[in-house]
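Notes to accompany the following structure.
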Amino acid sequence: QVQLVESGGGLAQAGGSLRLSCAASGSISSMNAMGWYRQAPGQGRDLVAAITRGGTTRYADSVKGRFTISRDNAKNTVYLQMNSLKPEDTAVFYCAADPTLLGVVRGLPAYWGQGNQVTVSS
């Protein structure tokens with residue numbers, strides 16, 4: 001079992017920044033890939049960014065140039081630095097972990113976090 005604990009969400013103004021963290025614990029040695037999804041009210045859950053243990057990344061087009069995913073393997077933690085936030089970034093953000101990058105990117109990770117609200121005001 002793997003536990004994913006997210007933190008760092010909250011309220012920001014448009015143009016501002018927030019950083020999300022996701023700390024993994026448990027049987028994490030096989031979790032090569034981690035990532036972030038978001039789900040806006042009434043919408044599906046969409047990939048935001050993903051990263052492998054080796055540093056390979058994937059980003060949604062809507063966040064490229066604004067969001068940066070990073071990972072501290074020693075701390076088993078993945079981060080999402082969100083800059084130039086827009087009201088349309090408002091969503092619940094979910095951390096994800098899977099043995100493969102494909103599993104994360106395809107929205108079928110082995111594990112999900114509990115979700116963390118991010119609200120961007122205009």
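Note that these values count all heavy atoms, side chains included, but never hydrogens, waters or copies made by symmetry. As the structure is a computational prediction, the values presented were derived from the model and not from experiment.
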Can you list every pair that meets disulfide bond (SG atoms under 2.5 Å apart) and has a residue in [range], with sequence neighbours left out?
{"range": "residues 29-83", "result": "none"}
{"range": "residues 26-67", "result": "none"}
{"range": "residues 25-67", "result": "none"}
{"range": "residues 69-122", "result": "Cys22-Cys95"}

Using side-chain heavy atoms (C-beta onward) and a distance below 4.5 Å, is Glu6 in contact with Phe93?
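Sidechains of Phe93 and Glu6: no contact.
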Do Arg38 and Val63 have side chains that get closer than 4.5 Å, going by heavy atoms?
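In contact.
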Rounded to the nearest 0.5 Å, how far does [atom2] of [Y] lie from [atom1] of [X]?
{"X": "Trp36", "Y": "Leu20", "atom1": "CH2", "atom2": "CG", "answer": "4.5 Å"}
{"X": "Lys64", "Y": "Arg58", "atom1": "NZ", "atom2": "CZ", "answer": "9.5 Å"}
{"X": "Arg53", "Y": "Asn76", "atom1": "CZ", "atom2": "CG", "answer": "7.0 Å"}

Do you reckon [X] sits in the same ILVMFWY cluster as [Y], going by side-chain contacts under 4.5 Å, direct or chained?
{"X": "Leu80", "Y": "Val105", "answer": "no"}
{"X": "Phe67", "Y": "Tyr79", "answer": "no"}
{"X": "Met82", "Y": "Tyr59", "answer": "yes"}
{"X": "Ile28", "Y": "Ile51", "answer": "yes"}
{"X": "Val48", "Y": "Trp112", "answer": "no"}

Contacts of type salt bridge (charged side-chain N to carboxylate O under 4.0 Å, His left out), residue Arg106, not counting sequence neighbours
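For Arg106 there are no salt bridge (charged side-chain N to carboxylate O under 4.0 Å, His left out) partners, ignoring immediate neighbours.
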If you look at every heavy atom in [X] and [Y], which pair is closest and at what distance?
{"X": "Tyr94", "Y": "Gly113", "answer": "CD2-O, 3.7 Å"}
{"X": "Gly9", "Y": "Asn116", "answer": "N-ND2, 3.5 Å"}
{"X": "Leu108", "Y": "Asp98", "answer": "O-OD1, 3.6 Å"}
{"X": "Met34", "Y": "Ile69", "answer": "O-CD1, 4.2 Å"}
{"X": "Ala12", "Y": "Ser17", "answer": "CB-O, 4.4 Å"}
{"X": "Thr90", "Y": "Gln117", "answer": "CG2-NE2, 4.0 Å"}

Between Tyr37 and Ala96, is there a donor-acceptor pair closer than 3.5 Å when you use the side chain of the first and the backbone of the second?
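No; zero donor-acceptor contacts below 3.5 Å.
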For Ser25, which residues count as a side chain to side chain donor-acceptor pair (under 3.5 Å) partner, sequence neighbours excluded?
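Result, side chain to side chain donor-acceptor pair (under 3.5 Å) vs Ser25: Gln3.
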Inspect the surroundings of CD in Glu88 and state if more than 12 heavy atoms from other residues, nucleotides or ligands are less than 6.0 Å away.
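Yes - once you tally the heavy atoms of other residues, nucleotides and ligands closer than 6.0 Å, there are more than 12.
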Mind running salt bridge (Lys or Arg N to Asp or Glu O under 4.0 Å) on Asp89 and Lys86 for me, showing each step along the way?
CA-CA 5 Å; Asp89 293 319; Lys86 304 175 181 179; over 6 Å; no
